[in-house]
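What follows is one structure encoded as C-alpha cells, with my remarks underneath.
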Amino acid sequence: MKKSLFTISVLASIFTAKAQENDGYILSALHNEESFLKSDGLIMNRDKAEKEKITLIFKNAQLREYAVSVLHDANDNLKIDFEVNGMPIKNYALSNNPMLMGPPRFEEVKFIVGHEDLALNIRF
C-alpha cells in the first residue's frame, strides 16, 4: 500500500493578541475515527506559534479517512483548557473548518487521503 505525505496549512489570522506575539506552541494531531476525541492522535506535532500562517506536515499517512485537530497552546501545558461552563479557553481548529454547536463529530471533520499529496487550509 502506497503511503502519502500531505501538508496542512493553518491560517492563524484570527489568533488572539497573545498568539500574535508568538506565545506558546501549536499542537496538531492526525486522527482516524477510532482516535478522534478519545486519544492524543496517530501522529502529533508541536511547533512554535507564529504569526499569520504555519505549515504542518504529517508524513507517511496511509490511504484512509482522517481528521486534524489544531490547538494554540499559549501556556505550554500540552492540553486544551476549559471554562467552568465547558467552553474551550484556547483557540482551536479542526479540518473542514466546521461551525460547531457542541462537540464535533468525525463525519463533520473527516477527509480522505488518497494517492496524491493533500493540502488543507484550517482556520482558527
### Query
Minimum heavy-atom separation for Ala29 to Gly41, with atom names?
CB-CA, 4.3 Å
### Query
Of the non-hydrogen atoms in Lys48 and Asp23, which two are nearest, and what is the gap between them?
NZ-C, 4.4 Å
Test item: [X] side-chain N/O and [Y] main-chain N/O as donor-acceptor pair under 3.5 Å:
X	Y	answer
Asn91	Ala74	no
Ser95	Val109	yes
His72	Ala93	no
Asn32	Tyr66	no

### Qualifying ring pair (Phe, Tyr, Trp, His ring centres under 6.0 Å) pairs with a residue from residues 83-104, counting only residues at least two apart or across chains
none
## Note on the structure
Those residues at least two apart in sequence (or on a different chain) that pass salt bridge (Lys or Arg N to Asp or Glu O under 4.0 Å) with Asp76 are Arg46
Are [Y] and [X] connected into the same hydrophobic cluster when the rule is that any two of I, L, V, M, F, W, Y join if their side-chain heavy atoms are below 4.5 Å apart?
X	Y	result
Leu27	Leu94	yes
Leu30	Leu78	no
Ile122	Leu42	yes

Below 3.5 Å, can you tabulate the donor-acceptor pairs from side chains in residues 80-90 to any protein atom, sequence neighbours excluded?
from: Asp81; atom 1: OD1; to: Asn77; atom 2: ND2; distance (Å): 3.0
from: Asp81; atom 1: OD2; to: Asn75; atom 2: ND2; distance (Å): 3.1
from: Asp81; atom 1: OD2; to: Asn77; atom 2: ND2; distance (Å): 3.3
from: Asp81; atom 1: OD2; to: Lys90; atom 2: NZ; distance (Å): 3.3
from: Asn85; atom 1: OD1; to: Met87; atom 2: N; distance (Å): 3.0
from: Lys90; atom 1: NZ; to: Asp73; atom 2: OD1; distance (Å): 2.4
from: Lys90; atom 1: NZ; to: Asn75; atom 2: OD1; distance (Å): 2.8
from: Lys90; atom 1: NZ; to: Asn77; atom 2: OD1; distance (Å): 2.5
from: Lys90; atom 1: NZ; to: Lys79; atom 2: O; distance (Å): 2.6

### Task
First locate atom CG of Asn97, then atom CG of Leu120, and finally report the distance between them rounded to the nearest 0.5 Å.
9.0 Å
### Task
In sequence, state the C-alpha distance, the side-chain angles, and the governing distance for Val68 and Phe58, and then conclude on side-chain contact (heavy atoms from CB on, under 4.5 Å).
CA-CA 10 Å; Val68 170; Phe58 296 96; 4.2 Å; yes
### Message
If the condition is side chain to side chain donor-acceptor pair (under 3.5 Å), which residues does Glu108 pass it with, not counting sequence neighbours?
### Response
none
### Task
Applying ring-ring contact (aromatic ring centres under 6.0 Å, His included), name anything that partners Phe36, two or more places apart in sequence or on another chain.
His31, Phe106
### Message
Does any part of the side chain of Leu56, heavy atoms only, come nearer than 4.5 Å to the side chain of Asp47, both counted from C-beta?
### Response
yes
### Query
Tell me the salt bridge (Lys or Arg N to Asp or Glu O under 4.0 Å) pairs involving residues 28-37, sequence neighbours left out?
Glu34-Arg64
